[in-house]
Protein chains: 2
Amino acid sequence: MAGIPSAGSAPTLEMVAARAGVSRATVSRVVNGSPKVSPDVVAVVQEAIAALNYVPNRAARSLASRRTQAIALVVPESTAKVFNDPFFATLVQGIGLALADTEYTLSMLIESEAAFDKTRRYLLGGNVDGALVASHHTGDHSYAHVSRSLPVVFGGRPLDPSEQVNHTVDVDNAHGAELAGDHLVERGRRRIAAIAGPQDMPPGVDRLRGWQRSLERAALPIGLVEYGDFSPASGAEAMRRLLAREPEIDGVFAANDQMAIGAYTAILETGRSIPGDVAVVGFDNDQYAAMAVPPLTTVHQPSLEMGEVMARTLVRLIAGDDVPATTLLPTRLVVRQSS
Amino acid sequence: MAGIPSAGSAPTLEMVAARAGVSRATVSRVVNGSPKVSPDVVAVVQEAIAALNYVPNRAARSLASRRTQAIALVVPESTAKVFNDPFFATLVQGIGLALADTEYTLSMLIESEAAFDKTRRYLLGGNVDGALVASHHTGDHSYAHVSRSLPVVFGGRPLDPSEQVNHTVDVDNAHGAELAGDHLVERGRRRIAAIAGPQDMPPGVDRLRGWQRSLERAALPIGLVEYGDFSPASGAEAMRRLLAREPEIDGVFAANDQMAIGAYTAILETGRSIPGDVAVVGFDNDQYAAMAVPPLTTVHQPSLEMGEVMARTLVRLIAGDDVPATTLLPTRLVVRQSS
DNA sequence: GTGAAAGCGCTAACAT
DNA sequence: ATGTTAGCGCTTTCAC
């Protein structure tokens with residue numbers, strides 16, 4: 001009992017045409033909503049379509065029209081591993097939301113070392129009308145050349161700013177981190193540390209830079225930095241190293257909420273209190289931030305909106321519209337009880 | 001500066017044939033790895049392919065061969081909203097992993113009320129060779145009929161067990177919940193409550209049932225139940241209601257880790273301790289479970305494996321293999337410090 | 001082992 | 001407003 005029991009073969013446009021007593025071209029026009037078909041004929045054709053339960057074959061349509069009505073979402077494997085990252089989940093949600101209004105469908109490509117060529121072929125093989133590259137990753141530029149033959153929108157700037165990537169949508173990470181730093185300073189903290197993200201990822205770099213700018217403006221030292229990989233465990237470890245280096249730390253900025261939650265563990269296990277002894281500020285405003293004990297002060301990142309903007313930008317790009325090469329989305333501080 | 005600057009049109013099989021001095025049929029054979037082509041000809045053709053940077057056009061190939069080499073992942077919108085659910089994220093990861101070894105690509109369809117027909121058309125329009133339906137949701141059966149004309153594998157059983165759905169892969173939720181209940185009982189807890197999930201989702205039902213079975217076996221009352229929607233906030237609220245109903249609660253089982261974390265908040269804010277006053281056990285073993293303070297005892301759910309099994313099952317189904325109608329994956333208890 | 005020829009189901013000029 | 005006629009780029013018998 002395996003295989004596909006499909007009842008006969010699928011109805012074709014030709015069968016609809018025969019049943020409606022018109023030409024295939026007319027059926028095609030009706031299916032594609034052409035304005036130049038008389039209302040009565042439209043009715044007859046639609047009846048036939050319904051009766052036959054006809055669904056156009058995409059491969060044929062795409063072959064003939066040279067359009068696919070599909071766009072690819074490329075997710076580097078490293079990101080897929082961090083798929084648990086709520087940021088990414090929300091991003092995908094935003095993309096889906098924006099695409100729901102259109103005729104486009106989403107093809108998700110989980111990129112891996114081995115599959116790099118597979119992905120490239122897919123992108124270049126006429127499977128999609130455009131691609132969205134979601135990445136926190138260096139690998140970005142691997143697809144830069146693809147953007148020469150296919151509309152592509154990147155999420156997040158390339159690591160090397162000099163690398164000219166046509167279209168990107170990014171969050172203002174540096175400014176968000178500055179807000180976090182300023183807030184800690186305003187709260188009277190003076191020994192402010194940072195748990196930075198990987199420095200081979202733009203958000204890792206930008207958030208660290210924002211924090212540095214803020215402390216420098218306040219004439220505070222910027223040496224208390226340890227690095228994590230955006231996971232909770234790495235945040236805990238980084239915090240332990242920081243505390244070992246400087247027990248008097250009274251404030252810490254973590255480059256994302258997951259590491260901030262990890263830092264909570266490390267701080268609390270030493271008997272220190274939050275925010276009494278150490279104030280903590282995160283970044284992302286994921287759903288756990290509000291639920292943490294105490295609730296985490298953090299920088300809100302508009303990930304849903306980022307997904308929507310990426311999708312809409314790509315759709316316009318495919319349509320041949322003129323779209324800005326870079327879109328920077330604003331961030332804002334959400335003050336809770338950890339600071 | 002918009003549009004696609006593609007340098008000339010993409011190379012076709014015919015161009016490769018011309019350059020290699022063979023027929024199109026031969027090139028096709030080489031591309032598809034046919035064994036009946038002489039080695040020297042293979043070499044010449046591959047050289048031409050490389051020189052032209054040829055990539056086969058999928059639409060054409062799919063039209064001619066009536067295969068698409070693509071499979072769909074259908075995600076009901078309700079799930080997409082809960083996309084933050086780490087379970088789901090990991091599931092997708094497992095699917096991607098399993099598919100990486102194959103020639104299949106993943107097409108993700110985020111299903112919405114409005115787009116139901118869009119999704120159906122896509123599935124039936126010859127866009128994919130099969131579909132994976134990932135759902136915690138009642139809506140499942142909407143696709144049951146699709147499975148009559150397309151190989152489909154469902155993640156999670158249908159809500160109504162009598163509903164015969166061809167192929168499903170599920171986690172043994174009931175048994176996992178029983179393990180959790182038994183553990184609480186063994187720890188000497190006697191006023192054991194449950195924060196259940198929505199009862200219109202199979203995991204919600206099965207996990208509650210498992211907990212009940214365990215308590216009944218221990219001759220303990222099963223009335224202390226409040227419901228949440230699997231979000232941390234709902235877990236906190238449910239816990240507050242439970243504590244209001246019965247202040248002497250000394251153990252609680254939450255149907256997922258997110259609600260368990262929410263319960264932490266509600267328990268701690270009353271000055272109670274974990275596990276001193278109240279032992280807590282969750283379900284899922286997501287990445288936050290281990291990082292919680294105290295680390296959360298929970299039931300491990302093999303979500304990565306579930307994704308892999310779903311994908312592999314579908315691939316075999318497409319190949320016409322005989323595959324079991326139902327696969328149930330085992331769960332196990334992970335004991336940490338919350339109990 | 002290789003080539004010739006006939007489509008796969010649809011769209012898009014071009015006629016009418 | 002509707003029909004006719006070519007293909008879109010590839011796979012696949014069927015001959016050789």
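Every heavy atom of this structure was used, including side-chain atoms; hydrogens, water molecules and symmetry mates were not. Below, chains carry the letters A, B, ... as their sequence lines are ordered, and counting in each starts from 1.
Remark: the backbone N or O of A:Asp129 is not paired with any side-chain donor or acceptor of A:Arg67 at under 3.5 angstrom. A donor-acceptor contact shorter than 3.5 Å is absent between the side chain of A:Arg312 and the backbone of A:Ala98. Judged by distance alone, with hydrogens and angles left aside, the side-chain atoms of B:Asp321 form no donor-acceptor pair with the main-chain N or O of B:Leu317 at under 3.5 Å. With hydrogens and angles ignored, the 3.5 Å screen pairs a side-chain donor or acceptor of A:Thr313 with a backbone N or O of A:Val309. A donor-acceptor pair under 3.5 Å is formed between the side chain of A:Arg316 and the backbone N or O of A:Asp322.
Rounded to an integer number of Å, the gap from CG of B:Leu63 to P of C:dA6 is 18 Å. In this structure, CG of A:Leu13 is placed 19 Å from P of D:dC8, rounded to the nearest angstrom.
Against DNA chain C, the stretch residues 51-62 of chain A makes heavy-atom approaches under 4.0 Å through A:Tyr54, A:Pro56, A:Asn57, A:Ala60, A:Arg61. Taking a 4.0 Å limit (strictly below) on heavy-atom distances, residues 24-45 of chain A reaches DNA chain D at A:Arg24, A:Ala25, A:Thr26, A:Arg29, A:Lys36, A:Val37, A:Ser38, A:Val41.
In terms of position along DNA chain C, the nucleotide closest to B:Val22 lies nearer the 5' end than the nucleotide closest to the other residue of the pair B:Val22 and A:Glu14.
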Side-chain atoms of residues 10-18 of chain A: list all donor-acceptor pairs with protein atoms under 3.5 Å, sequence neighbours left out, distances to 0.1 Å.
{"residue": "A:Thr12", "atom": "OG1", "partner": "A:Glu14", "partner atom": "N", "Å": "3.3"}
{"residue": "A:Thr12", "atom": "OG1", "partner": "A:Met15", "partner atom": "N", "Å": "3.3"}

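B:Arg29 meets the side chain to side chain contact (heavy atoms under 4.5 Å, CB included) test with B:Ala25, B:Thr26, B:Ser34, B:Val37; sequence neighbours excluded.
Closest to the side chain of B:Ser65, from the set C:dG9, D:dT12, C:dA12, is D:dT12.
At the phosphate of C:dA12, OP1 or OP2 sits under 4.0 Å from a side-chain N or O atom of A:Arg67.
Pairs of residues two or more places apart, or lying in two chains, never qualify as salt bridge (Lys or Arg N to Asp or Glu O under 4.0 Å) while including a residue from residues 36-48 of chain A.
In this structure, A:Tyr104 OH and A:Ile318 CD1 are separated by 4.0 Å, a value rounded to the nearest 0.5 Å. Within the model, atoms CE of A:Met108 and CG of B:Leu109 stand 11.0 Å from one another, a figure rounded to the nearest 0.5 Å.
Computed from C1' positions of five pairs at each end, the angle between the two local axes of the helix from C:dG1-D:dC16 to C:dT16-D:dA1 equals 30°, rounded to 10 degrees.
For B:Asn57 against A:Leu63, the heavy-atom pair with the smallest separation is OD1-CD1, 4.5 Å.
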